[in-house]
Amino acid sequence: MRKNFLMLIIIAILIQTVEVYSEPLIVDHNAVELYDDIPQQWIDSVKKMWVTVPGESHSKGYRIGLRLLDSIDNRFRVSIKESGTPEGPTNQYLRFSSATWGDVEHPTGWIYGYGEEDWYTSDTAINRTKASITYCNKNGLVLNAMGFGWCWDMTWQNGVGGGEDPVYRCRWAGSSVGGPDGNKRWGLDAEDSVLTGNRVCMDTYLRATQEYINHCKANGYPTKVFFTTGPVDGTSGELAYQRYLKHEHIRNYVKNSTDGILFDYADILSWSDSGEEYTISWTDLGGTYHSFQHIHPDNMLDLDGSYTEDGDHIGQRGALRLAKAMWYMLARIAGWDGILGVEEDGKFEAKDFLLRQNYPNPFHITTTISYRLPTRGYVRLTIYDFLGREIKALVDGMRESSEQKVEWDGKNTQGEQVASGIYFYQLKTSSGFISTKKMLLIR
């Protein structure tokens with residue numbers, strides 16, 4: 001026993017701090033609150049961009065929201081084309097549209113409107129989208145960012161059915177127009193083809209989008225292709241739950257990438273402007289209860305509290321949230337580090353973030369973790385075990401700039417005592433800063 005104790009002490013002495021300043025860019029509901037702090041120089045950089053989010057009806061919400069934001073705050077000027085040739089370079093406003101050069105049925109010509117059949121369900125779709133990116137960048141229309149605007153592709157046309165997934169205890173749904181097996185319901189990965197009879201799955205979308213990212217890198221194009229989640233309105237029960245699982249699959253892929261970008265449409269619309277998350281529930285086919293995100297009722301309303309369908313199937317409040325998050329993402333793509341603060345004498349300044357070593361370490365009952373924030377922003381402080389499994393989130397939300405302290409009592413999210421051993425605690429901020437340290441718990 002004494003020998004094991006000494007070994008743990010030796011390991012604790014060898015603890016090293018890891019500081020990382022780059023990670024996948026996850027643009028979720030926190031970005032909505034942060035958009036207003038984008039420094040002017042990065043707003044101006046976004047005004048030099050051309051961005052396209054091709055898609056069907058729900059993708060119109062991006063454009064409706066950007067127009068609304070422009071009308072409310074003219075710092076965020078935008079010009080939106082719904083047909084014809086996209087505008088050429090300017091520094092006066094963000095150029096935004098759903099335009100692509102061609103689609104799966106047309107090798108050339110400006111197209112406004114993409115579906116799953118144009119983005120990912122076939123090799124022809126993938127090759128045409130690559131060709132579109134190439135055409136734009138070689139013909140004076142430098143494309144700065146591009147992502148797929150999901151519609152109800154994860155849920156509609158083919159309702160839940162087929163075999164029951166033995167892991168998630170649900171059935172799959174959705175449309176796969178243009179797929180090799182036709183328009184059928186689809187799941188997460190290749191193994192689900194046994195349940196759905198469809199080789200198209202969420203991994204098909206992920207692979208296609210990653211191919212576009214790799215295509216841009218290989219050719220030196222400035223285009224940042226980003227991943228997206230989709231609608232969280234219009235369904236409930238098993239249908240909504242299997243859609244939630246598909247969103248989680250996208251999130252996990254990007255989180256495990258080195259430099260992916262995710263515009264989390266679903267998460268953005270599941271939160272209200274007052275900071276309330278809305279969820280619904282379903283009990284799976286094995287009897288387990290699940291609570292998961294659904295569009296917040298506020299985001300189904302227009303600015304005046306009424307609702308008029310304008311083509312995107314959400315309210316103006318929801319569309320406006322999408323626009324605010326979009327400006328935040330584009331500013332980050334332009335080069336902003338996301339650090340919030342003030343401009344003094346025309347220069348933006350901020351002190352370093354800092355995560356201190358916990359004390360005491362090793363510890364027996366409780367330990368205190370301290371960190372410093374130079375500016376107000378989103379913070380997540382999380383405990384992980386030696387295998388990298390999340391144990392508990394100690395902090396998850398907006399915090400003011402200051403030196404802050406938080407205690408960990410050696411319990412997990414369920415309030416259960418965890419075993420002796422080495423644990424990691426990691427600080428992540430909305431600026432992209434990550435700091436990870438180790439600690440030793442001895443019972």
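We're numbering straight along the sequence, starting at 1.
Within the cation-pi definition used here (under 6.0 Å to the ring centroid, within 45° of the axis), Lys246 qualifies as a partner of Trp186.
Ring centroid separation for the pair Tyr423 and Phe386 does not come in under the 6.0 Å cut-off. Between Phe292 and Tyr241, the distance separating the two ring centers is shorter than 6.0 angstrom.
Salt bridge annotation for Arg317-Asp273: absent, with no cationic side-chain nitrogen under 4.0 angstrom from a carboxylate oxygen. With respect to the salt-bridge test (charged N to carboxylate O, under 4.0 angstrom), the residues Glu407 and Lys392 do not qualify. No salt bridge links Glu87 with Lys81; every basic N to acidic carboxylate O contact stays at or beyond 4.0 Å. A salt bridge is absent between Glu117 and Arg128: the closest approach of a Lys/Arg side-chain nitrogen to an acidic carboxylate oxygen does not fall below 4.0 angstrom. Under 4.0 Å is where a charged nitrogen must lie from a carboxylate oxygen, and between Glu403 and Arg356 at least one such pair does.
Here the options are Tyr114, Tyr265, Tyr120, the test is ring pair (Phe, Tyr, Trp, His ring centres under 6.0 Å), and the partner is Trp150; only Tyr120 passes.
No hydrogens or angles considered: nothing links the side chains of Asn91 and Asp44 as a donor-acceptor pair under 3.5 Å. Looking only at atom types and distance, the side chain of His29 has a donor-acceptor partner in the side chain of Asp267 under 3.5 Å away.
Checking side-chain atoms of Asp70 against main-chain N and O of Leu68 turns up no donor-acceptor pair under 3.5 Å. The closest donor-acceptor contact from the side chain of Ser97 to the backbone of Ile80 lies at 3.5 Å or more, if one exists at all. Panel note: side chain Asn219, backbone Tyr221; no donor-acceptor pair is recorded below 3.5 Å. Using a distance-only test at 3.5 Å, with no hydrogens or angles considered, a donor-acceptor pair links the side chain of Asn361 to the main chain of Leu440.
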- Task: Apply salt bridge (Lys or Arg N to Asp or Glu O under 4.0 Å) to the pair Glu33 and Lys324, showing each step before the final yes or no.
- Result: CA-CA 8 Å; Glu33 186 171 352; Lys324 292 174 179 179; over 6 Å; no
- CA sep, side-chain torsions, deciding dist, call: Trp271, His296, side chain to side chain contact (heavy atoms under 4.5 Å, CB included): CA-CA 6 Å; Trp271 291 76; His296 195 287; over 6 Å; no
- Task: Go through Val254 and Ile26 one step at a time and tell me if the side chain to side chain contact (heavy atoms under 4.5 Å, CB included) criterion holds.
- Result: CA-CA 8 Å; Val254 178; Ile26 309 297; 3.7 Å; yes
- Worked verdict on Val104 versus Ser122 for side chain to side chain contact (heavy atoms under 4.5 Å, CB included): CA-CA 9 Å; Val104 74; Ser122 69; 4.2 Å; yes
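Relative orientation of the Phe76 and Tyr35 rings is tilted, given thresholds of 30° and 60° on the angle between their planes. A parallel orientation is assigned to the rings of His290 and Trp282, their planes being inclined by less than 30° (bins at 30° and 60°).
Within a 6.0 Å radius of CG in Asp123, no more than 12 heavy atoms belonging to other residues, nucleotides or ligands are found.
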